[in-house]
Structures are given as C-alpha cells and as structure tokens.
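Just so we're on the same page: letters track the sequence lines, and every chain starts at 1.
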2 protein chains.
Amino acid sequence: MAYPIVGAADADLCEQGRDLIRDVLERIGDKWSVVVICQLGDTTRRFNELRRMSEPITQRMLSATLRGLERDGLVTRTVHDTKPPRVDYALTPRGVSLLEVVRALAGWAEHNAAGILDSRTAFDAR
Amino acid sequence: MAYPIVGAADADLCEQGRDLIRDVLERIGDKWSVVVICQLGDTTRRFNELRRMSEPITQRMLSATLRGLERDGLVTRTVHDTKPPRVDYALTPRGVSLLEVVRALAGWAEHNAAGILDSRTAFDAR
DNA sequence: CTGGATCCTCGTAGATACTG
DNA sequence: CAGTATCTACGAGGATCCAG
C-alpha cells in the first residue's frame with residue numbers, strides 16, 4: 001500500500017502531526033542516516049564496507065547512526081562469530097518503506113534543485 | 001504530476017543524489033521550516049500570526065526561517081505600506097510541491113510511529 | 001575487523017533588549 | 001507590527017586512542 005501524497009482532505013495532518021513529523025525528521029535529518037539507509041537499500045553490508053561507501057563518515061558516527069537505526073527497527077544487526085569478527089547490517093521492511101519515502105524526497109530534490117539554486121543566487125544578488 | 005515513490009529501476013538515485021538529499025534535508029530538517037510550511041499550506045499568513053501558530057518559536061527563528069524559505073523560492077514575502085506595517089507570507093508553487101512531499105513524510109510517520117516506539121522500548125530494555 | 005570511551009570544537013538556537 | 005543585534009548555552013559531530 002502506498003502512502004497518501006496529496007490528501008486534499010487532511011490539510012490538518014500537518015497540524016496534528018507536528019511532533020510526528022519532527023520525530024521523522026530527527027530520525028533521518030541527521031547527517032548520516034539517509035546515506036546509510038541508501039547504501040543498505042539493495043543489499044546487506046558489513047561495517048567497514050558501509051564506512052568506505054559513506055566516506056567521509058567517521059567510525060564513531062557510523063556506529064552511532066547504525067545503533068540509532070537499529071533501535072528504531074529500521075536495520076538489523078547480525079553478528080557472525082567468525083574470526084575476524086563480522087557484523088552484517090540490512091534494512092528491515094520498515095527501513096525499506098522509509099527508503100521509499102526518502103526516494104520521494106530525492107525525486108523532489110532532483111526536480112527542484114536547479115530552480116532552488118537560481119532562487120538563491122537571485123536572492124543573494126541583493 | 002506526482003513524484004516517483006518506488007522507482008524500482010533507479011536504485012542508485014540515492015547514490016547519485018546524496019548531496020541533493022542532504023540539501024533538502026538541510027532545508028526542511030531544521031526545527032521550524034516544516035512547521036511554517038504547514039501553517040502556510042492553506043492560506044496567506046502575517047508574521048505574528050505565524051508566530052502565534054508556531055509557538056513556541058522565537059521571533060528571531062521565525063524571521064530566520066522565513067528568510068531561508070524565501071531565499072529558496074518556497075515562500076513569497078509581500079510588504080504592505082500600511083500603518084502599522086503589514087507583511088504577508090505565502091507558499092509559492094514550489095513551496096506547495098514541497099508541502100506535498102512533507103505530507104508523504106507525515107503519512108509515513110503516522111503509519112510507523114507506534115511500531116518505532118515499540119522497537120525503541122524493546123531495544124532499550126537491554 | 002568492529003567498535004567503545006574521551007576530549008574538544010564549532011555552529012545553531014534561545015533569551016533579551018532594542019529599532020523603524 | 002515586524003523585525004534586528006548581541007550574548008550565551010548546549011549539543012552534534014570530528015579526532016584520537018583503546019579494546020574485544
């Protein structure tokens with residue numbers, strides 16, 4: 001099932017959902033969550049794999065980001081008792097659904113990036 | 001026209017669009033932009049009107065938020081030379097399109113809020 | 001390899017007071 | 001009414017070292 005995009009009737013969904021929206025934005029609004037979610041979009045990844053793909057993220061922030069995502073049930077963390085140790089991360093179904101919303105965001109960004117940049121330069125020219 | 005939500009083919013849209021997504025998130029990821037955009041969703045508003053509706057925002061932050069949104073071509077600022085002075089803010093078409101994306105986000109939040117809270121308490125119970 | 005612990009810096013937002 | 005100016009506090013995030 002898809003999520004309502006326009007929802008003409010629920011103009012007050014924003015009004016009611018202020019805290020809700022803030023929660024989501026605080027979840028994905030930090031510096032690295034979206035990046036990590038995107039990297040996990042298609043497949044399972046290991047820690048240092050994510051680290052390289054998400055450069056220039058620091059170890060500390062990748063660790064913290066993954067822990068936060070795991071806490072919210074957006075990614076799974078699987079420890080393999082091998083030597084050397086190996087930990088796999090992957091998106092949960094909920095994480096996948098968030099990824100779709102993020103893709104909608106990316107689509108909007110793509111459509112409007114040029115226009116926004118134009119507006120900025122025009123605005124700054126004063 | 002709607003924006004692609006799923007986009008099975010463009011799995012790398014996230015990969016390419018990292019900076020793009022970050023731009024959007026920096027735009028709406030701050031504490032007040034989404035709130036203001038929602039309040040402007042249906043109609044034109046004046047400064048102190050927005051101020052009251054967006055409590056507990058401070059004058060400074062409302063001013064800064066509106067300036068940022070205006071800079072990106074998301075809201076218009078109309079000064080009326082009356083006495084006392086009066087300034088009207090309203091969404092541009094681009095701002096309306098962003099509002100729709102924000103509503104999609106709100107929808108996701110609504111659908112998943114309970115599950116996320118459950119995950120958190122379960123995670124914290126360890 | 002996969003992290004945890006510590007220290008430190010730098011930006012952002014709040015409080016407050018003032019202006020056209 | 002519609003802002004600006006200044007000062008301060010707080011917290012996210014980077015650097016670095018250490019551990020299982």
Side-chain angles (χ1 to χ4, degrees), chain A residues 18-19 21-37 39-40 43-72 75-90 123-124 126, chain B residues 18-19 21-37 39-40 43-72 75-90 123-124 126:
Chain A
R18 264 175 52 175
D19 297 350
I21 301 178
R22 279 235 53 77
D23 278 355
V24 178
L25 287 177
E26 270 165 23
R27 168 68 283 159
I28 67 171
D30 62 34
K31 199 168 184 182
W32 299 110
S33 288
V34 168
V35 175
V36 171
I37 287 174
Q39 250 79 11
L40 288 175
T43 177
T44 286
R45 303 279 184 197
R46 299 176 51 189
F47 186 85
N48 272 342
E49 198 174 357
L50 284 170
R51 179 155 155 58
R52 281 187 300 271
M53 297 176 70
S54 307
E55 262 164 4
I57 196 175
T58 60
Q59 279 188 341
R60 176 173 128 80
M61 290 321 297
L62 178 56
S63 175
T65 300
L66 287 168
R67 209 180 319 119
L69 293 173
E70 188 198 358
R71 186 170 107 101
D72 284 1
V75 310
T76 56
R77 179 175 185 273
T78 314
V79 182
H80 299 87
D81 257 16
T82 60
K83 194 178 113 158
R86 171 202 180 104
V87 183
D88 284 337
Y89 294 92
F123 184 92
D124 294 341
R126 307 172 325 180
Chain B
R18 262 175 54 176
D19 298 352
I21 301 178
R22 279 235 53 77
D23 278 357
V24 178
L25 286 177
E26 271 166 22
R27 166 69 284 160
I28 68 170
D30 63 30
K31 198 167 180 182
W32 300 110
S33 288
V34 168
V35 175
V36 171
I37 287 173
Q39 250 81 11
L40 288 174
T43 177
T44 286
R45 303 281 184 195
R46 300 176 50 187
F47 185 86
N48 272 341
E49 198 175 356
L50 284 171
R51 180 153 155 57
R52 281 188 299 273
M53 296 176 69
S54 307
E55 263 162 4
I57 196 175
T58 61
Q59 276 190 338
R60 177 172 129 79
M61 292 320 297
L62 178 56
S63 176
T65 299
L66 286 168
R67 209 180 316 120
L69 293 174
E70 187 197 359
R71 187 171 107 100
D72 284 0
V75 309
T76 56
R77 179 174 184 274
T78 313
V79 182
H80 300 86
D81 256 15
T82 58
K83 193 179 111 158
R86 172 199 180 106
V87 183
D88 284 337
Y89 294 91
F123 184 91
D124 294 342
R126 306 172 325 183

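Atom P of nucleotide dT12(C) and atom CZ of R27(B) are separated by 12 Å, given to the nearest angstrom. Counting to the nearest Å, the P atom of dT2(C) and the CZ atom of R77(A) are 10 Å from each other. The separation between E26(B) atom CD and dG11(C) atom C1' is 12 Å, rounded to whole Å. Counting to the nearest Å, the C1' atom of dG13(D) and the CZ atom of R22(B) are 12 Å from each other. If you measure from atom CZ of R52(B) to atom P of dA2(D), you get 9 Å, rounded to the nearest angstrom. When the P atom of dT2(C) is taken as reference, atom CZ of R86(A) falls 8 Å away, rounded to whole Å. In this structure, NE2 of H80(B) is placed 14 Å from C1' of dA2(D), rounded to the nearest angstrom. Rounded to whole Å, the distance from CG on L62(B) to P on dT4(D) is 11 Å.
Salt bridge status for D88(B) with R86(B): present, with a side-chain N to carboxylate O gap under 4.0 Å.
If you take OG1 on T65(B) and OH on Y89(B), they are separated by 10.5 Å, rounding to the nearest 0.5 Å. Put simply, CD1 on I57(A) and CD on E55(A) are 10.0 Å apart, with the number rounded to the nearest 0.5 Å. Between the CZ atom in R27(B) and the CZ atom in R71(B) there is a gap of 8.5 Å [rounded to 0.5 Å].
With L40(B) as reference, V75(B) is the one residue of L69(B), T76(B), V35(B), V75(B) to meet the side chain to side chain contact (heavy atoms under 4.5 Å, CB included) rule.
Using a 4.0 Å cutoff on non-hydrogen atoms, the parts of residues 43-51 of chain B near DNA chain D are R46(B), F47(B), N48(B), ordered by number.
Because its NZ or CZ atom is not both nearer than 6.0 Å to the ring centre of F47(A) and within 45° of the ring axis, R51(A) does not count as a cation-pi partner of that residue.
Of all heavy-atom pairs spanning R45(A) and Q39(A), the tightest one is NE-O, 3.3 Å.
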(request) Can you check each nucleotide of nucleotides 13-20 of chain C against protein heavy atoms at under 4.0 Å and return B for base, S for sugar-phosphate only, - for none, in 5' to 3' order? (result) BBB----B
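Taking 4.0 angstrom as the limit, R67(B) places a side-chain polar atom (N or O) nearer than this to OP1 or OP2 of dT4(D).
Partners of R67(B) by salt bridge (charged side-chain N to carboxylate O under 4.0 Å, His left out), not counting sequence neighbours: none found.
Between the S63(A) side chain and the Q59(A) main chain, no donor and acceptor come within less than 3.5 Å of each other.
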